[in-house]
2 protein chains.
Amino acid sequence: MRRANLKDVADRAGVSIRTVSNVVNTPEVVARPTRQRVLEAIEELGYRPNLAARQLRQGHREVIGLVVPEIDSPYFAELAALVVRHAERMGWTVIVEQTDGDATREQQLLDGARGQGVDGIIFCPWAMTAEEVSRRATAPPVVMLGEQPGMGSVDRVAIDNRGAALEAVHHLVALGRTRIAAVGLQPHLSNETARQRLAGYRAALVDVGLVAHPELEVPVERLHHADGMGAMAGLLAKSKPDAVFCFTDQLALGAIRTCADQGVRVPEDIAVVGFDDIEVGRYSVPALTTVAPDKQRLAELALTTLQERMADSSLPGRDVVVPHLLVVRESAPAAGSATRPARSELPSSTPSGK
Amino acid sequence: MRRANLKDVADRAGVSIRTVSNVVNTPEVVARPTRQRVLEAIEELGYRPNLAARQLRQGHREVIGLVVPEIDSPYFAELAALVVRHAERMGWTVIVEQTDGDATREQQLLDGARGQGVDGIIFCPWAMTAEEVSRRATAPPVVMLGEQPGMGSVDRVAIDNRGAALEAVHHLVALGRTRIAAVGLQPHLSNETARQRLAGYRAALVDVGLVAHPELEVPVERLHHADGMGAMAGLLAKSKPDAVFCFTDQLALGAIRTCADQGVRVPEDIAVVGFDDIEVGRYSVPALTTVAPDKQRLAELALTTLQERMADSSLPGRDVVVPHLLVVRESAPAAGSATRPARSELPSSTPSGK
DNA sequence: AGGCCAGTCTGCAACGTTGCAATTCCAGGT
DNA sequence: ACCTGGAATTGCAACGTTGCAGACTGGCCT
């Protein structure tokens, strides 16, 4: 049983192929009785337009690619869910591709070695910079998601990573912490996002007159729990921080796990702030204080920006900034809240006394 | 600058269109020098075959659909990552669709209202039963992932949910627990998976001569952290269990969170076992004891089964069973162990991991 | 010399759709 | 009766590819 095509429907309804096509695409130009007859025939035969033929004729597919490092990281999974949901509303289908944060794979996928045929790409880079992306050969339009403003003529949608990191660190300072570590730099990647967060961290320290200790800036290989565990183990052994700012929630949860193993209390001994506001962080013990990007908006704006770019490729590259929020939970509670910071035991500060 | 097509390459290489096509598809029938010349032309022009045209001609796309309830649930995210990775090796591209566990949407997506044009579908059902799927009109071949054996002529790939649940409960019994609750039935859905796990739970109780208390079987609306929190709150208030078997890790983490809020110790006061072995459960505090399906194998077998089905649609429906493993961690430690197992045993969990 | 075969290469047609331009039809104005 | 104009419908061509059948070589066998 072959799938019905326009010809089959046309024969059944006693009209020409072209009229059926019109009913499907521009119903208003077809007289009501004819249209009715054709619609019935479509219904009876279960006709569905052949997307391949349509694409061949019109040159586009209504399919976009979502290129992420790894779809199983909660942050990207949550983002993907929103992108897929919203894309559907816009009549688009989403193909998911994983780069593992590998520069070569990122390059390949962008050049359409595989997802080829997609009308546009939403790209979450780890290795490539905006310049590299904008320099690349002609290919479907790209919107970079999570990348920071800068030069290059690509569209970018992201939160203010530097500002958000600054806020996070200020929050830790407000808790009376002075030895604040940063976990998550990735010197082996040109991960611009991590760089921005580090910049925010450093700027915050300068703001409040704290000295940056190199041993408190901990690089990691990847951004997973295990890396967070390792980083925290190193910090506990050598640098004795009283707070840790992790560049992702997964790092933060790993760090907290190490604290639990070693009997270090969070937040009393060490306060921890994460980044991304992944779902599990809301339910972990202790619940994670974190920077929450407005993911809904992130997905939505990435898609509409892509749509505008697809409509007019001559547009200048735009930088769209999406709001974020520091969500204060247990791992770094509000200053003056019930949980006393470790510092309170030192003679110099006695919050319990006030 | 138009995209190069076969004609362009043919002109450049001084051969016919057909020969170029042969170089691309069946290089062995083209004489070496000609082939060389054509390959150069392809390189110079950056030619890539037009997939739409190819699909139109050959009738298939090398695209499969992955239909899941929600891609942002860690379990499905991890599964998706593996499916995408493995599909790529098989030359397939993956389209992700979300059903939210809604029966109507599941039906629609299977009938190809949208993902239309996919060559096959890997389907993780929540609402539809295998019979309903096998009854549905002609459409691309489907493999059900996670669904239990039974009647219907669909291919199914899953672990032995009933057996796994049985093991989990036996483990709790071995810890000396007698008031063991089950959290995760979904009476409003025909969620066969939940039904199987419940069956395993009940069977285990019978095995050891414990009585099933209806108030210990807690239904939930969805399978998220919040539902786990609510379920545990209800249990603590009314039923005083000494162990809880949750049908997903997310439920378990929510349950543990509620315990933490109410000062109930896990596992001392209440032992908790989850299901799915999601990444975060390995690093949570306490680390989660859970049933670990071999996700790697699950993804792999789903794809090869689909491939075989696509090759021969007359095959009888197959039931593929994938191994699982009860991973014992802190939330329900080994019987007779110290309250908490040695930390070094924790992250080792992926059954396939070596 | 004629015939044949294997190795290469080519032309035609078709997949199902839609842009474009042409055609038909009919009502209404002259 | 004839013309005009708009609405409704239609036919042709093309998108880029591949299946199929055929055509052209040159060498080798009888």
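Atom set for the values below is all heavy atoms of this structure, side chains included, hydrogens, waters and symmetry mates excluded. Chain identifiers are assigned alphabetically (A, B, ...) following the order of the sequence lines, protein sequences preceding nucleic acid strands; residue numbering begins at 1 within each chain. Keep in mind that this is a model prediction, so the values were computed, not measured.
- Computed from coordinates, the B:Gln36 CD to C:dC9 C1' distance equals 18 Å when rounded to whole Å.
- In this structure, A:Ser21 does not reach the C:dT17 phosphate: none of its side-chain N or O atoms is under 4.0 Å from OP1 or OP2.
- Ion pairing of A:Arg85 with B:Asp100 is present here, as a side-chain N (NZ or NE/NH1/NH2) and a carboxylate O approach within less than 4.0 Å.
- No salt bridge links B:Arg35 with B:Glu28; every basic N to acidic carboxylate O contact stays at or beyond 4.0 Å.
- Between B:Glu70 and B:Arg222 a salt bridge is recorded (basic side-chain N to carboxylate O distance below 4.0 Å).
- If you measure from atom CG of B:Leu6 to atom C1' of C:dA14, you get 16 Å, rounded to the nearest angstrom.
- Using a 4.0 Å cut-off, no side-chain N or O of B:Ser16 falls inside it from OP1 or OP2 of C:dG11.
- When the nucleotides C:dG16, C:dT18, D:dT9 are ranked by their closest atom to the side chain of A:Ile17, C:dT18 comes out on top.
- Distances shown here put a side-chain N or O of A:Thr19 below 4.0 Å from the OP1 or OP2 atom of D:dT10.
- A straight line from CG of A:Asn22 to P of D:dG11 spans 13 Å, rounded to a whole angstrom.
- Both A:Tyr47 and B:Gly14 sit near DNA chain C, but only B:Gly14 has its closest nucleotide nearer the 5' end.
- By the 4.0 Å N-to-carboxylate-O rule, A:Asp102 lies too far from A:Arg105 to be salt-bridged with it.
- Here C:dA14 presents its C1' atom at 16 Å from CZ of A:Arg57, a figure rounded to the nearest Å.
- If you measure from atom CG of B:Leu56 to atom C1' of D:dA14, you get 12 Å, rounded to the nearest angstrom.
- Atoms CZ (B:Arg18) and C1' (C:dG11) sit 10 Å apart, rounded to a whole Å.
- One atom, CZ of B:Arg3, and another, P of D:dT17, lie 8 Å apart when rounded to the nearest Å.
- Taking the charged nitrogens against the carboxylate oxygens, A:Arg12 and A:Asp8 have no contact shorter than 4.0 Å, which rules out a salt bridge.
- A:Lys7 places its NZ atom 13 Å from the P atom of D:dC12, with the value rounded to the nearest Å.
- Contact annotation for A:Asn25: backbone-only contact, meaning every heavy-atom pair under 4.0 Å involves sugar-phosphate atoms and none involves a base.
- Of the candidates D:dT18, C:dT10, C:dT17, the closest approach to any side-chain atom of B:Gln58 belongs to D:dT18.
- OP1 or OP2 of C:dG16 has not a single side-chain nitrogen or oxygen of A:Asn50 nearer than 4.0 Å.
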